[in-house]
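The block underneath contains the structure these notes are about, expressed in structure tokens.
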Amino acid sequence: MEEENLKNKDQIFEENLDLSKEDFDTEEDFDLPKETKVIHVYENSNEVPEEIKGWSWGAFGLTFYWSIGNKVYLGLLILLAGVPVIGWIFAIIWKIVMGLKGNEWAWKNGSYKSLEEYKKVQDSWKVPGIVAFVFAIIGVVACIVFFIFFAAMASTIYNYDTY
């Protein structure tokens, strides 16, 4: 029990007062006032908190830029989208993988002092990621409509010339 309390003391950083773990002699001294803001500092960034796991719109929508900004250089595999024929298929799959695993990879590669700091950084990527995704969908739909329209026009011109 005493060892567990010492472990907890190591993981807490008091922001409002200048306290250190040496200031706590007993378990009673460790009780902080209710108005005190406690920030958990994660010593080992390889341990991914449950709150972080989930979808990342920044990693999905802005894979290239998000990867550089969050030091997740594995995301730069999105550049393989330029490979003829199969590149776009790989890009779609890789964007989904980045959306699913991006938060975890960013946590492991980043040097965040707290979960709150991490969430603030990732929230700044959320809206731009969604906007990029919406623009991509609009672009794909526009290309399809463009193709159908001009295919119909070409068909009409071809049929007109044959009569």
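Excluded from the calculations below are hydrogen atoms, water molecules and symmetry mates; all remaining heavy atoms, backbone and side chain alike, are included.
- The local environment of CH2 in Trp88 is sparse, with at most 12 non-hydrogen atoms from other residues, nucleotides or ligands closer than 6.0 Å.
- Residues Trp66 and Asn70 have side chains in contact (heavy-atom distance under 4.5 Å, counting atoms from C-beta outward).
- Here the straight-line distance linking atom NZ of Lys108 with atom CD of Glu104 works out to 6.0 Å at 0.5 Å rounding.
- Relative orientation of the Trp107 and Tyr112 rings is parallel, given thresholds of 30° and 60° on the angle between their planes.
- For the pair Leu77 and Thr63, the minimum side-chain heavy-atom distance is 4.5 Å or more.
- Distance OG/Ser56 to NZ/Lys101: 12.5 Å, rounded to 0.5 Å.
- Clustering ILVMFWY residues whenever any of their side-chain heavy atoms sit less than 4.5 angstrom apart, transitively, puts Ile148 in the very cluster that holds Val140.
- Put simply, Ile138 and Val127 are part of the same group of oily side chains (I, L, V, M, F, W, Y) that touch within less than 4.5 Å, one to the next.
- For the residue pair Asn103 and Gly54, the shortest heavy atom distance occurs at ND2-O, 3.3 Å.
- No continuous path of ILVMFWY side-chain contacts below 4.5 Å connects Phe146 to Phe135, so the two sit in separate hydrophobic clusters.
- Contact detail for Leu62 and Gly129: the closest heavy-atom pair is CD1-N, 3.9 Å.
- Smallest separation of non-hydrogen atoms from Ser67 and Gly75: OG-CA, 3.2 Å.
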I'd like to know whether Ile86 forms a side-chain contact (heavy atoms from CB on, under 4.5 Å) with Leu80, so could you lay out the CA-CA distance, the side-chain angles of the two residues, the decisive distance to 0.1 Å, and finally the verdict. CA-CA 9 Å; Ile86 62 165; Leu80 294 176; over 6 Å; no
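- Within a 6.0 Å radius of CD1 in Ile137, other residues, nucleotides and ligands contribute more than 12 heavy atoms.
- In this structure, the side chains of Trp94 and Val97 come closer than 4.5 Å at one or more pairs of heavy atoms.
- Within a 6.0 Å sphere centred on CZ of Phe90, heavy atoms belonging to other residues, nucleotides or ligands number more than 12.
- A 4.5 Å side-chain heavy-atom check between Tyr73 and Asn109 finds every atom pair outside the cut-off.
- Remark: Ile78 CD1 to Phe64 CZ distance equals 10.5 Å, nearest 0.5 Å.
- Pairing each heavy atom of Ala132 with each of Gly61, the nearest pair is CB-O, 3.5 Å.
- The pair Lys53-Glu50 meets the salt-bridge criterion, since a charged nitrogen lies less than 4.0 angstrom from a carboxylate oxygen.
- Note: the hydrophobic cluster containing Val145 also contains Val134 (ILVMFWY, side chain heavy atoms under 4.5 Å, direct or indirect links).
- Residues Phe60 and Met98 have side chains not in contact (no heavy-atom distance under 4.5 Å, counting atoms from C-beta outward).
- Counting heavy atoms from C-beta on, the side chains of Leu74 and Trp105 come closer than 4.5 Å.
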